[in-house]
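See structure below.
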Amino acid sequence: MLDALDLALATPGLIWVMAISVLAALVYGFAGFGSALIFMPLATIFLPPPLAIAAFSLSALASLFTVFPSAWKDADRKQTLMMVGMSLIFMPVGIYLLRIAPEVTIRMAVCVVTLITLAALLAGWKVPLRGGRKLQLGVGALAGITGGSTGLNGPPIILFNLGTDQPVAVTRGNLACFLTLNSLFMMPMMWVQGLVDARAFWLGVILLGPYALGGLIGVRLFRPEAASLYKAAAYILIGAAGVMGLPVWG
């Protein structure tokens, strides 16, 4: 076990991965979304995708203490829990795709999903809500597949929630609660399919501190009246991460 800790500490670019974790959690804290959209494209520059996804899912558990408590008060709990449940049912499908796909394909998929999500947000695209409960279940299922395969379970939920006319605090609460609760199950499901080892566990533990720090700062910065400013900052950082993480750069 200690050998695995040594391997985690010797991870090339670890200091950069820790800095990315702080930045991702900071955005998550004040915007309620965007952590994986920033972390995954940048972290996979230094880490194999399965390792990045597993470590991030563990480090994101810091949100249970930094972001989740306040978000839970504002969230539409029934809707959020229902979509989380549907996501967990389909997450193993995404993890299977992660297991069989080439690394460069996953890296490209991470960045493409990130940039498409950003483009949709900037275009002001709204999800048609006529599907009601069925639409919510479908969005949850899609989030499980994208989350398991790329670590990005947020985009379908982000587009769904930001496309509604809910108050900013409710939207932020829904997103933060969904993403945090999903992170509880990602690593165990990856372990079942043989994609998690002791090194991934220790790397996630190492990232807990930086992620918690970023989340605490972000929560302190959050002001409902400044929602447009937070969105703009999140969009800029997401766009930069999506472009920088493209495997075409080497």
* Asked: Ring centroid separation for F39 and Y211, is it under 6.0 angstrom?
  -> no
Mind listing the side-chain donor-acceptor pairs of residues 15-32 below 3.5 Å, one per line with the distance, residues two or more places apart or on another chain?
from	atom 1	to	atom 2	distance (Å)
Y28	OH	A176	O	2.6
Y28	OH	T180	OG1	2.8

* Using modelled atom types only, decide if a donor and an acceptor are shared between the side chain of D6 and the backbone of L9 within a distance under 3.5 Å. => no
* Asked: Going by distance alone, is a donor N or O of one side chain under 3.5 Å from an acceptor N or O of the other, for T146 and N153?
  -> no
* What's the shortest heavy-atom distance between L98 and S149, and which atoms? -> CD1-O, 3.5 Å
* How long is the gap from OG1 on T171 to CG on D74, to the nearest 0.5 Å? -> 10.5 Å
* Asked: So, for T150 and M40, which heavy atoms are closest and what is the spacing to 0.1 Å?
  -> O-CE, 3.5 Å
* Asked: So with a 6.0 Å cut-off around CH2 of W191, is the heavy-atom count from everything else above 12?
  -> no
* Residue F46 excluded, over 12 heavy atoms near CZ under 6.0 Å -> yes
* **Side chain T105, main chain A101, donor-acceptor under 3.5 Å** => no
* Does any N or O in the side chain of Q193 come within less than 3.5 Å of the main-chain N or O of P92, such that one atom is a donor and the other an acceptor? -> yes
* Is there a side-chain contact between R133 and M82, using heavy atoms and a 4.5 Å cut-off? -> yes
* Which value, rounded to the nearest 0.5 Å, describes the distance between L88 atom CG and L181 atom CG? -> 8.5 Å
* To do: State the CH2-CZ distance between W72 and R77, to the nearest 0.5 angstrom.
  => 5.5 Å
* To do: State, with a plain yes or no, whether a side-chain heavy atom of L135 is found less than 4.5 Å away from one of F160.
  => yes
* Structure fact -> Rounded to the nearest 0.5 angstrom, the CG-OG1 distance for L152 and T114 is 5.0 Å
* Structure fact -> Value for CD1 (I236) from NZ (K231), rounded to nearest 0.5 Å, stands at 14.5 Å
* To do: Would you confirm whether S59, through its side chain, and F56, through its main-chain N or O, come within 3.5 Å as a donor-acceptor pair?
  => yes
* **From L184 atom CG to L64 atom CG, the distance as rounded to the nearest 0.5 Å** => 5.0 Å
* Could you tell me which non-hydrogen atom of I158 sits nearest to which non-hydrogen atom of L175, and how far apart they are? => CA-CD2, 3.5 Å
* What closest approach, in Å, do A241 and I38 show between heavy atoms, and which atom pair accounts for it? -> CB-O, 3.7 Å
* Counting heavy atoms not belonging to R220, are there more than 12 under 6.0 Å from its CZ? -> no
* Contact summary for M108 and V248, nearest pair of heavy atoms -> CE-CG1, 4.2 Å
* To do: For V104 and P247, work out which heavy atoms get closest and say how close.
  => CG2-CB, 3.9 Å
* To do: For the residue pair M83 and V139, establish whether any side-chain heavy-atom pair is separated by less than 4.5 Å.
  => yes
* Asked: Is R107 reaching over with its side chain to a backbone N or O of G245, donor-acceptor style, under 3.5 angstrom?
  -> yes
